Structures are given as C-alpha cells and as structure tokens.
S.K.: 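First the structure, which I've put down as structure tokens, then a few questions once you've had a look.
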Amino acid sequence: MPKKTEIITVRVTPRTKQAIYARAAEAHMTATDYLCVCALGKEIIQVDGLEEILSELKAQGRNLNQLTTLANMGKLKILRGDDLVDGYTRIYEQISQITSEVK
C-alpha cells in the first residue's frame, strides 16, 4: 500500500466535523479513510454482529491450541473432535449468513 504523503485541507463547521468523526467511528474507520471512501464514491458496508463471531472464533482457536499442545506433550491420546466441529460449523454458518446479507 502506498504511503500517504499528500494533505487536503477542508474547512467544516464543528457540527459537521463531529458528524464525520461519529460516522467514521460507526464504520470502524479513521476519519481519513472514511472521507476518502465517501469522496471516491465507494460503498461502505457496516456489518453488525462480527464481534460475537470473532470472540467465538478466538475461543475455538484457543481450545484447538490447547489440545495441540497436550497432544504434542503426549498427554492426549484420543480426541473426540465433535465439540470442535460443532463450534466451527456454527461459526461458518454465521459468517455465511452475514456474507449472503451483504451481497
């Protein structure tokens, strides 16, 4: 990604500035990125519910990491992966649903 070296100065009212920063925050973007996307006519898609999915994905990753560590230490001989498969299936279904709604 090219380094940002150019500056554009824009004068706005305090109310407009506050609104831009609020909308950028809602889109989880910096004000610079938000303004560039808007000015270039690109669509901003905000997806709600990703925090819960990311949290679950991290939890599943920790579980898998712990099981892998135990297996490498020789402390785990037999693994029933049904719970892991169920967890990953739920995450996949949630991501698929969000993807279909965004398209």
Side-chain angles (χ1 to χ4, degrees):
M1 174 150 238
K3 186 176 179 183
K4 297 176 183 177
T5 59
E6 300 299 315
I7 297 173
I8 298 174
T9 303
V10 179
R11 293 191 184 276
V12 295
T13 65
R15 175 180 263 169
T16 300
K17 180 181 176 183
Q18 183 179 11
I20 290 170
Y21 277 91
R23 288 185 181 189
E26 287 174 9
H28 304 288
M29 301 173 77
T30 65
T32 298
D33 290 340
Y34 179 81
L35 289 171
C36 287
V37 167
C38 290
L40 295 174
K42 297 179 182 177
E43 184 179 2
I44 298 174
I45 299 174
Q46 183 174 344
V47 179
D48 295 324
L50 290 180
E51 294 83 13
E52 294 84 12
I53 294 172
L54 181 58
S55 177
E56 178 65 24
L57 188 57
K58 286 180 181 179
Q60 293 294 331
R62 283 190 299 273
N63 290 342
L64 186 57
N65 188 38
Q66 290 170 354
L67 290 171
T68 303
T69 300
L70 291 173
N72 287 334
M73 294 169 63
K75 295 183 178 183
L76 183 65
K77 302 290 183 201
I78 300 173
L79 171 65
R80 287 193 57 230
D82 297 344
D83 291 339
L84 286 172
V85 171
D86 291 343
Y88 283 115
T89 300
R90 281 193 311 275
I91 293 169
Y92 174 78
E93 289 169 352
Q94 290 173 333
I95 291 173
S96 293
Q97 179 182 356
I98 289 172
T99 302
S100 67
E101 290 174 5
V102 169
K103 289 181 181 178

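In this text the structure is predicted, and so the values were computed from the model without any measurement.
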S.K.: Quick check for you: to the nearest 0.5 Å, what is the distance between R23 atom CZ and Q18 atom CD?
M.R.: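 Spacing of CZ (R23) from CD (Q18) equals 12.0 Å.
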S.K.: Give a yes or no on whether a salt bridge exists between K4 and D33, defined as a side-chain N under 4.0 angstrom from a carboxylate O.
M.R.: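 Salt bridge present between K4 and D33.
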S.K.: For L35 and I20, work out which heavy atoms get closest and say how close.
M.R.: CD2-CG2, 3.8 Å
S.K.: So does E51 get a backbone contact from the side chain of S55, meaning a donor-acceptor N/O pair under 3.5 Å?
M.R.: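 Between the backbone of E51 and the side chain of S55 there is no qualifying donor-acceptor contact (under 3.5 Å).
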S.K.: From M29 CE over to C38 SG, what is the distance, rounded to the nearest 0.5 angstrom?
M.R.: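 If we round to the nearest 0.5 Å, M29:CE and C38:SG are 7.5 Å apart.
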S.K.: Determine whether a donor-acceptor pair (N or O, by modelled atom type, separation under 3.5 Å) exists between the side chain of T16 and the backbone of V12.
M.R.: no
S.K.: For the atom pair CD (E56) and CD (Q60), what is the distance rounded to the nearest 0.5 Å?
M.R.: 4.5 Å
S.K.: Can you tell me how far the CD1 atom of I53 sits from the NZ atom of K58, to the nearest 0.5 Å?
M.R.: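 Going from CD1 on I53 over to NZ on K58, the span is 13.5 Å.
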S.K.: To the nearest 0.5 Å, how far apart are OG1 in T32 and CD1 in I8?
M.R.: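 Between T32 OG1 and I8 CD1, I get 9.5 Å after rounding to 0.5 Å.
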S.K.: Transitively linked via ILVMFWY side-chain contacts under 4.5 Å: L64 with I91?
M.R.: yes
S.K.: I need the E26 CD to Y34 OH distance, nearest 0.5 Å.
M.R.: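 Answer for the CD-OH pair, E26 versus Y34, is 8.0 Å.
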S.K.: So which atom in Y88 and which in G61 form the shortest heavy-atom distance, rounded to 0.1 Å?
M.R.: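 Looking at all heavy atoms of both residues, the closest pair is OH-N, 4.0 Å.
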S.K.: If only side-chain N and O atoms count, and only distance matters, is there a donor-acceptor pair under 3.5 Å linking E93 with Q97?
M.R.: no
S.K.: Got a sec: does the CD of E52 have more than 12 other heavy atoms crowding it under 6.0 Å?
M.R.: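 More than 12 heavy atoms, drawn from other residues, nucleotides or ligands, come within 6.0 Å of this atom.
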